[in-house]
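Notes to accompany the following structure.
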Amino acid sequence: VVLWNAMVTGYAENGYLLQAREMFDRMPHRSVVSWNVMIGVYAREGYVTAARKMFDCMGEKNMTSWNTMLAGYANSGHLNEAKNFFDKMSVRDLVSWNTMLQAYSKSGTLQEAEMIFRRMPQWDLLSWTSLLMAYAQSGHLQRSKSLFDSMLERDLHVWSSLLNGYSANGDLGNAKQIFDHMPEWNAVVWVSMITAYARFGLTQEAQLMFDRLPERNIVCWNALVEGYVQKGEVQEARRVFD
RNA sequence: UAAACCUUGACUACA
């Protein structure tokens with residue numbers, strides 16, 4: 001059964017939704033995980049209704065089944081369904097709470113996010129990061145900063161969320177400072193920084209950043225080109241593009 | 001048997 005599950009997952013991850021389903025149907029025996037996989041697959045591909053059907057059809061459910069379905073609603077923008085579903089859950093673990101918290105953070109409803117955060121029985125790094133994100137995205141930069149300062153554990157996601165709050169709100173000075181104080185960098189934070197410069201017209205700063213990039217992926221290039229385009233420096237954009 | 005399969009977090013654009 002484990003091997004079958006792995007196969008189904010493998011098909012789905014490579015975009016072969018139909019083959020995944022066919023595999024699932026052909027399985028001689030299905031475990032809870034098999035059903036969970038299919039629910040996740042459908043939800044991720046945007047077929048939330050199909051996912052829900054599977055969820056209702058399956059017999060024994062575990063925590064992951066509920067969380068997968070919840071995430072399906074949350075990540076496809078069905079915030080109300082997510083909330084209803086969440087309220088119906090008789091048992092909620094940290095993942096359930098984090099999923100709901102992130103859904104609210106992403107949707108910019110800061111108050112709901114805070115409410116969830118307060119109601120949670122426990123927190124982990126993801127919970128704190130999500131709240132930080134909620135503050136950052138809604139422009140409450142001082143709050144995100146003090147939250148950051150109170151955090152003992154900080155991984156790249158935490159740094160990146162803080163940085164992105166500054167850059168998205170045009171506080172380039174602080175963004176740069178955070179960037180310079182980071183213990184390590186990856187493509188995401190570079191792009192965040194480049195985008196910020198580009199968006200606010202500092203194309204030469206963006207270019208400088210870009211030149212310092214250790215590794216460049218397509219997203220980095222897009223960010224730089226976009227900056228030139230927005231400023232109307234079409235020939236520069238073209239140069240980069242070529 | 002804390003060994004193999006499933007669920008939650010950061011960046012650009014496009015859609």
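Below, chains carry the letters A, B, ... as their sequence lines are ordered, and counting in each starts from 1.
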Distance-only donor-acceptor hits, side chain of residues 31-38 of chain A, under 3.5 Å, sequence neighbours excluded:
unit_1  : atom_1 : unit_2  : atom_2 : d
A:Ser31 : OG     : A:Asn5  : ND2    : 3.4
A:Ser31 : OG     : A:Val33 : N      : 3.3
A:Ser31 : OG     : A:Ser34 : N      : 3.4
A:Ser31 : OG     : A:Ser34 : OG     : 3.2
A:Ser34 : OG     : A:Asn5  : OD1    : 2.7
A:Ser34 : OG     : A:Ser31 : N      : 2.8
A:Ser34 : OG     : A:Ser31 : O      : 3.3
A:Asn36 : OD1    : A:Ser65 : OG     : 2.8
A:Asn36 : ND2    : A:Asn62 : OD1    : 3.2

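Just one residue in the list A:Trp66, A:Tyr73, A:Trp97 forms a ring-ring contact (aromatic ring centres under 6.0 Å, His included) with A:Phe86, and that residue is A:Trp97. Between A:Val191 and the choices A:Asn186, A:Asn164, A:Asn222, A:Val219, the side chain to side chain contact (heavy atoms under 4.5 Å, CB included) rule is met once, by A:Val219.
Side chain A:Ser160 to base B:A10: a donor-acceptor pair is found below 3.5 Å.
Distance from the side chain of A:Ser192 is smallest for B:C11 among the nucleotides B:A13, B:C11, B:U7. Taking every side-chain heavy atom of A:Asn164 into account, B:C11 is the closest of B:C11, B:G9, B:A13. Considering only side-chain atoms of A:Val2, the nucleotide from B:A4, B:G9, B:A13 that sits closest is B:A4. For A:Asn75, counting side-chain heavy atoms from C-beta on, the closest listed nucleotide (B:C6, B:A10, B:G9) is B:G9. Here the nucleotide nearest the side chain of A:Thr9, chosen from B:C11, B:G9, B:C5, is B:C5. Taking only side-chain atoms of A:Thr64, from C-beta outward, the nucleotide of B:G9, B:C11, B:C6 with the closest atom is B:C6. The side chain of A:Asn222 lies closest to B:A13 when the candidates are B:U7, B:A13, B:G9. Minimum atom distance to the side chain of A:Thr195 is reached by B:U12, of the listed B:A10, B:U12, B:U7. Side-chain atoms of A:Val191 lie closest to B:C11 of the nucleotides B:C5, B:C6, B:C11. Counting only heavy atoms from C-beta on, A:Thr129 has its side chain closest to B:G9 among B:U7, B:U12, B:G9.
Residue A:Asn98 places no side-chain N or O under 4.0 Å from the OP1 or OP2 atom of B:G9. Between A:Arg44 and B:C6 there is no side-chain polar atom (N or O) within less than 4.0 angstrom of OP1 or OP2.
Contact record, A:Gln207 with A:Leu224: OE1-CD2, 3.8 Å, taken as the closest heavy-atom pair.
Counting any heavy atom pair closer than 4.0 Å across all strands shown, A:Val37 reaches sugar-phosphate atoms only and no base atom. Within 4.0 Å of A:Ser130, counting heavy atoms only, lies no atom of the nucleic acid at all. A:Asn186 comes within contact range of at least one nucleobase, with a heavy-atom separation under 4.0 Å.
Rounded to an integer number of Å, the gap from CZ of A:Phe86 to P of B:U7 is 19 Å. B:A10 atom P lies 14 Å from atom CE of A:Met151, rounded to whole Å. Atom C1' of nucleotide B:G9 and atom CE of A:Met100 are separated by 16 Å, given to the nearest angstrom. What separates CZ of A:Phe241 from P of B:A13 is a distance of 16 Å, to the nearest Å. If you take CD of A:Glu153 and P of B:A10, they are 17 Å apart, rounded to a whole angstrom. In this entry the distance linking CH2 of A:Trp123 with P of B:G9 reads 21 Å, nearest Å. The distance between atom CE of A:Met193 and atom C1' of B:A10, rounded to the nearest whole Å, is 15 Å. Between A:Leu156 atom CG and B:A10 atom P there is a gap of 13 Å when expressed in whole angstrom units.
With centres under 5.5 Å and a plane angle under 30°, the ring of A:His157 is stacked against the base of B:G9.
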Assess whether ring-ring contact (aromatic ring centres under 6.0 Å, His included) is satisfied between A:Trp221 and A:Phe241, documenting all intermediate values. CA-CA 8 Å; A:Trp221 287 94; A:Phe241 185 85; 9.5 Å; no

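Residues passing the side chain to side chain donor-acceptor pair (under 3.5 Å) test with A:Tyr11, sequence neighbours excluded: none.
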